[in-house]
Each structure stands twice: as structure tokens, then as C-alpha cells.
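Shown next, in C-alpha cells, is the structure this report addresses.
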There are 2 protein chains.
Amino acid sequence: MQTLCCRSPRSVNVVAWGLCGGYAKRVKQHAAPQTPPETAGYRLDDQIGYVLRRATQRHLAIFSEVIPEVTTTQFAVLARLAEMGAQSQNHLGRATAMDGATIKGVVDRLVRLGLVETAPDTRDRRRLTVGLSAAGRSLFAARVGDAQDISDRTVAALNPAERAQLLELLSRLT
Amino acid sequence: MQTLCCRSPRSVNVVAWGLCGGYAKRVKQHAAPQTPPETAGYRLDDQIGYVLRRATQRHLAIFSEVIPEVTTTQFAVLARLAEMGAQSQNHLGRATAMDGATIKGVVDRLVRLGLVETAPDTRDRRRLTVGLSAAGRSLFAARVGDAQDISDRTVAALNPAERAQLLELLSRLT
DNA sequence: CGCAGATTGTTTGCGTGCAAACACTGTGCT
DNA sequence: AGCACAGTGTTTGCACGCAAACAATCTGCG
């Protein structure tokens, strides 16, 4: 047999195979599904969490293809720093929706890449000021256009009104 | 000074502070932002990737609060197995949008939790058949209702028509 | 039959994400 | 001044998620 419906050798994103349908051929050793068609009416494909994950996967795939130098979160940090200048690591984390442990990792990697610089805050010795380096500033400037293209490509299937609505609806979830 | 606009001691999700606005007090050591208000018209908060990440964060927070026994991805695997019965790890990965390395990790953890069982496929010795255990079946049955509630809570801010539209728009991205 | 090429599963390395525990510093109140 | 409490940064542990490289197996085709 071997329906062979799902090609795509490895990765998950980029391509979008549906559910195929040629599964559950040899179920023998594990007791067949107790509810053949739907399971208590719960359809994974209609769950917001699952759909969000799939959409995010696609977006990440497009991003890393267009801007391989940095990740989405790293770029978000660069964008915020460009928007509002140097600030404490903690503020930066909140402004980019990352908790303390996460923003630290991202900042450390950006420092290693030479895109960001840190300095102790003399007035508040708890704080670590984070700011763009010259390289970070120029990389951001050189890539903002691509970043916008990525956003557009991600929602390429939608018309302008739909794109606006999607953004509006998603914003209202938070 | 210390504007103190953003309370919330640690975590990022759950709460939803806006941009506050009391930042960039001491910029000295890092050269001020080159474009004060907007940076080349790129507003992070309007980027689909960023909004997707925030929405996902909120959903994950709700999920782990309501169903702490398993993660969203683990539950997705249980749901798929309940839907279509035991199948190869590879098929399962595709059916849940996870690549080979990821589905392996998830399955391993589910095995450790006793929610899933694996067995070699005698017809195709490359394959590893994965199926629900009795515990997995009953946990899923006991929690499907909660899972549905989680999805509803995630989109609580939207009316039914908007929820349907959000799901539809998101689906079209993949 | 025999071999090239595809599938499947595994491993490693790296980058998010979050919870929890910790050390240090700043603030407010007495 | 002193002390409780809040804010900031760090570390560890765990769980995705993907790329790349491998070994084992299967398939199709000559």
C-alpha cells in the first residue's frame, strides 16, 4: 500500500499538506480508536492554538529564508532599540514580550553577534543598559524593508482588508 | 524618577501592558535613536509575526494553567492519536505539524508519562508505531472538555462571528 | 537480482520560551 | 538608621522547534 500522500522529505513548515487521509492502516497492536470519526467533537485543526502554531511556523520559515542573519526575536529587539533607544534589559524584555531569562539569552547572542552593546547603569546599579551598536543600527536599517516584505509574504493569501482584520483580531487576544 | 509604569514582577504573558512610554531616560552611553518617532515606518506591534507570538504566549499560559499535566503539543499528539488511531511516528509528526526531531522528543516524553506506547512495525522495520495507552486514552477523554474551554477562553474577547473569521484567516496563512 | 534513491528514525547543536530559586540593589516607611 | 519589600539580573532545568548529518530499511527500475 503506502498511500504516499504526504511527500515533503523532512521539514514541517513551508509546505502545507492537509490531513492526507491515508493513515491508520495497521492499527493491530494498540487497540483501534474508540471513536472512529470525530473524538467528542474536538477537531485539532479548528483549535486556535494549533492554527496559531502552524501560522507561526510558516512565518518563521519565511523569515529565516529572507533574513538568515538573525532570528525573529532578535530582530524584534533590534527594532525596539531602534524605536526607542537604549534601555535596561528588563524594560527591553517587557517591550518585546520576553521574560527575564529569555531576553537575557537573546541579548547575549546579539552581543556575541556584535549588533548590540551593554553597559552598566551608573544611577541604578541593578540595571544593564542595552543599546544598538553601529553594526546593529546599520543591519536594522538595511533589513527593515525585507522585514516588511516578510510580513507581507506571510499574509500574502489575504487581501488588504483581511490583513487588517487579522491583525486587529489577533491584537485583541492579548 | 522611575516611572514604574510596568508592574508585573516577572512573567511576560497573562498580563498585557502596552508600550508604557516612560523609557529612554538615560541614553547617554549608546548614541540616541537616529529616528526618534517611527523607524522607517516599521512598527513592531503591527507585524504579524510579533502579534502571532504574543497571541501564542497567551494561549500557552491559559493552557498550562488549565491542563498542567501535558503541554499543548503533547495534547495535540494525544488528540490526533484519538482521532485516527496508532500510526508511525513520522506520520504522527506530519499530522501534528512537527518535524522528525520534535515529534521524537514529544513521543519520548509521552512514553515517559505513560500516556503513549510504541511498538516496532513488523511490516516496515524502519517504522515505529505510536498509539495511545489506556492512561492516555482516559486522560484525553477527561480533558477534551477543558481543552475546548481553553480555546474559548483564548478568544474570549471576540464574538462568535469574529472567532470564526480569525480561525478562517489564520488557516489561510498555511 | 542489484543498486540508486527515497523514507524513517536518531542524534547533535542551537535558539526560543517559561518556572523557580537566588543575589544584589533600590525604595519607602518607621 | 534600619528593615521589609520591590525591582533587576542570573542561573538551572525542562520543553518545543528546526537544520544537518547518519544509519537502517524499503522501493522502484533496469
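In what follows, chains are A, B, ... by sequence order, proteins preceding strands, each numbered from 1.
For D:dC26, the OP1/OP2 oxygens have no side-chain nitrogen or oxygen of B:Arg126 closer than 4.0 Å. Close to C:dT16, at under 4.0 Å from its OP1 or OP2, lies no side-chain N or O of A:Thr72. Between B:Arg127 and D:dC26 there is no side-chain polar atom (N or O) within less than 4.0 angstrom of OP1 or OP2. Distances shown here put every side-chain N or O of B:Arg125 at or beyond 4.0 Å from the OP1 or OP2 atom of D:dA23. Within the 4.0 Å cut-off from OP1 or OP2 of C:dC18, at least one side-chain nitrogen or oxygen of B:Gln57 is found. For the pair B:Asn90 and C:dG9, the criterion of a side-chain N or O lying under 4.0 Å from OP1 or OP2 is met. Applying the 4.0 Å criterion to OP1 and OP2 of C:dT7, one finds that B:Arg94 has every side-chain N and O outside that range.
Taking 4.0 Å as the cut-off between side-chain N and carboxylate O, A:Glu69 and A:Arg143 count as a salt-bridged pair.
Comparing B:Asp108 and A:Gln74 by the nucleotide of DNA chain C that holds the closest heavy atom to each, the one mapping nearer the 5' end is B:Asp108. Two residues, B:Gly105 and A:Lys104, neighbour DNA chain D, and the one matched to the more 5' nucleotide by heavy-atom proximity is A:Lys104. Each of A:Ser64 and B:Arg109 lies near DNA chain D, and the nucleotide nearest B:Arg109 is the one positioned closer to the 5' end. Ranked by how close their nearest DNA chain C nucleotide is to the 5' end, B:Leu128 and A:Val106 are led by B:Leu128.
For the pair A:Leu60 CG and D:dA19 P, the interatomic distance rounds to 10 Å; values are reported in whole Å. Protein atom CD1 of B:Ile103 is 10 Å distant from nucleotide atom P of D:dG17, rounded to whole Å. Put simply, CE on B:Met98 is 15 Å from P on C:dT10, counting in whole angstrom units. Rounded to whole Å, the distance from CZ on A:Arg123 to C1' on D:dT8 is 17 Å.
Atom OG1 of residue B:Thr96 and atom NE2 of residue B:His91 lie 11.5 Å apart, to the nearest 0.5 angstrom.
Backbone-only contact: B:Thr71 has heavy atoms under 4.0 Å from sugar-phosphate atoms and none from a base. In this structure, B:Thr73 reaches the sugar-phosphate backbone alone: every heavy-atom distance under 4.0 Å involves primed, P, OP1 or OP2 atoms, never a base. Looking at heavy-atom distances under 4.0 Å, A:Ser88 makes contact with sugar-phosphate atoms alone, never a base.
Classification of the A:Phe75-A:Phe63 ring pair by plane angle, with boundaries at 30° and 60°, yields perpendicular.
Take A:Gln165 and apply the side-chain hydrogen bond (donor to acceptor under 3.5 Å, both in side chains) test, not counting sequence neighbours, and it matches no residue.
Both A:Ile67 and A:Leu115 are assigned to one and the same hydrophobic cluster, defined by single-linkage of ILVMFWY side chains at heavy-atom distances under 4.5 Å.
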